[in-house]
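One-based numbering, in listed order, for ligands and for the atoms of each. Model, not experiment: these values are computed from the prediction.
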Amino acid sequence: MGKGVAASSLGALLESRGLNVRMVKCDPYINVDAGTMSPYQHGEVYVTDDGAETDLDLGNYARFTGSPLSRANSITTGQVYDAVIRKEREGRFLGRCVQVIPHITDEIKSRILAVAREDPDNDVVIVEIGGTVGDIESIPFLEAARQLIHELGRINALSVHLTLIPEVAGGELKTKPTQHSVKAMQEMGIQPDVLICRAPVVLDESTRRKIALFTNVESDAVFTSYDVDTTIYEIPIIFFNQKLDQVVLKKMGVESRHAKLNAWSAMMERFARRKGKVRIGIVGKYMELHDAYKSVYEALFHAGLECAVEVELVKIDSSRLEETENVETVLNGEEKIDGILVPGGFGQRGINGMVKAAAWARTNKVPYFGICLGMQIMVIDWGRNVLGWEDADSTEFNQDSKHPVISLLEEQVDVKNYGGTMRLGKSETVAEPGTRILAAYKEKNIWERHRHRYEFSNKYRTEMTGSGLKIAALTPDGSLVECVEWPDHPWGLGVQFHPEFKSKPTAASPLFRDFIAAARDQKK
Ligand code: GLN
């Protein structure tokens, strides 16, 4: 439906008026965090600086707003119950019966208020509640919201409800689902103040009046989030044109300066100025679900804006390459690929297809960008195809390899729990002189986020570099390899971290930018 984009766009608009905005996501699932979920279940896992493995909506917040994001900004049912049960075991409820109301709802409220109070300069917290009204799981969150609205007073708290206006055959717009969904909210004791209707086209005055009549929402507080054929990053401007920010601030009694949307309109100008296309092959294993590599796809789009070129995503299931004898026919003949990106991933399936794609890009001088697993794939390819070790592998995929060029971090060997135990979050990388990574960041100290267990095995450093593979960046103590680059190649680079998480439409990640520039120039 687009709740994440709607919440983020409102956040962007309030920030453009000089307000300090914080974003919070409530996820009704029982998992403590998104880290243990398959990307097929819930899309990508978004990693914050402090190493929280969160819902992908935090990625939207990061791309649209400047809200600092940490563990505190992602609240799940799992975390809430975990905290309440731990307190109960510690005897902190003093003999009382522990219940959903008030104990679970108190925990939810206190977590939201903690974000609000993190900084005395905070003006607004936008709390997005995942799921759909009527879901059993989201009831405690809606109940907490109801209490909070009541306790803070209507002027300090506002309820924005996103609803669907479908179009039926014959082009008629149906307001019925919206009426029902608002009724369901009212049954929960929450009267929406603002409606954002997701519709194929902008709603006319009479439709808005009809919705207003049925829902007790004023008709000038009914907005449309219509389908755009440009980019989701136009939505802040679309909401601004409908005066969403003005209505929200008026209802909350907040005074602010006029909106300054320069960065967003400049971005839309860059969007319109793009000329030509580059076809980027993303070789991974979760290709059917767009959300599985969400931040990577967004970062490619951002890079296209900066390189004035449209990035066409060509999603290639690595198993397809694994089965084929002739990678050249697929990547060059059928798909006409200008650059290859191998994103992060876990597990054995499709790995050999990724290695084939890397070998093809390396030998055919096609720009290649490896992220996390994608860097490990470069090292495996180098071991197998340059050094001639047929069984070169990561111990994640083959425990018996005689050439484990990628292996477990020492401290990971005895880890038994899967949740939150990887190398996670922000850490420092130091780029070597004369490297492409240094050229991209323009400074040698780089801070990016990690999410992995396995590492370039230091035992193979001498042989790898002796045969020409460039180790382009290390951790400050020199103990871990953070970046490798191919020699004599237009642009072949892999990083152990995830630069996609920090890319914004208004400021692309430097590595994505240079990768797309290389693909564009190569094509010329
Ligand atoms: N599976 C690899 C590891 O754990 C890569 C992880 C990733 O790509 N995020 O090291």
Applying a 4.0 Å heavy-atom criterion (strictly less than), which segment of His498 is in contact with ligand 1: side chain, backbone, both, or neither?
->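 Side chain only.
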Taking heavy atoms and a distance under 4.0 Å, where does His452 meet ligand 1: side chain, backbone, both or neither?
->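 Looking at His452 and ligand 1, atoms from backbone and side chain both fall under 4.0 Å.
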By number and element, which atoms of ligand 1 are closer than 4.0 Å to a non-hydrogen atom of Arg451?
->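 Answer for ligand 1: 6 (C), 7 (C), 9 (N).
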How far is atom 10 (O) of ligand 1 from its nearest protein heavy atom, and which residue and atom is that?
->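 Closest protein heavy atom to atom 10 (O) of ligand 1: Tyr454 N, 2.8 Å.
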Nearest neighbour in protein (non-hydrogen) for atom 2 (C) of ligand 1 |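 Ranked first by proximity to atom 2 (C) of ligand 1 is Glu396 OE1, 3.3 Å.
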Can you find an N/O atom of [X] closer than 3.5 Å to an N/O atom of ligand 1?
X: Cys372; result: no
X: Gly345; result: yes
X: Arg453; result: yes

Hey, what's the ring geometry for Phe501 with Tyr46, parallel, tilted or perpendicular (30° and 60° as the breaks)?
->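 Rings of Phe501 and Tyr46: perpendicular, over 60°.
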Rounded at 0.5 Å granularity, tell me how far [atom1] in [X] sits from [atom2] in [Y].
X: Arg513; Y: Ser503; atom1: CZ; atom2: OG; result: 10.0 Å
X: Leu341; Y: Tyr293; atom1: CG; atom2: OH; result: 10.0 Å
X: Leu474; Y: Gln496; atom1: CG; atom2: CD; result: 12.0 Å

In this structure, which one of Arg63, His498, Glu500 forms a side chain to side chain donor-acceptor pair (under 3.5 Å) with Ser295?
->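 For Ser295, the side chain to side chain donor-acceptor pair (under 3.5 Å) test succeeds with only one of Arg63, His498, Glu500, which is Arg63.
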Would you call Arg349 and Phe397 a side-chain contact if the rule is heavy atoms closer than 4.5 Å?
->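 Counting from C-beta outward, Arg349 and Phe397 never come under 4.5 Å.
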Strictly under 4.0 Å, does any heavy atom of Gln376 approach an atom of ligand 1?
->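 The answer is yes, since Gln376 has a heavy atom less than 4.0 Å from ligand 1.
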Check the surroundings of atom NZ in Lys365: do more than 12 heavy atoms from other residues, nucleotides or ligands lie under 6.0 Å from it?
->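 Atom NZ in Lys365 is packed in, count exceeds 12.
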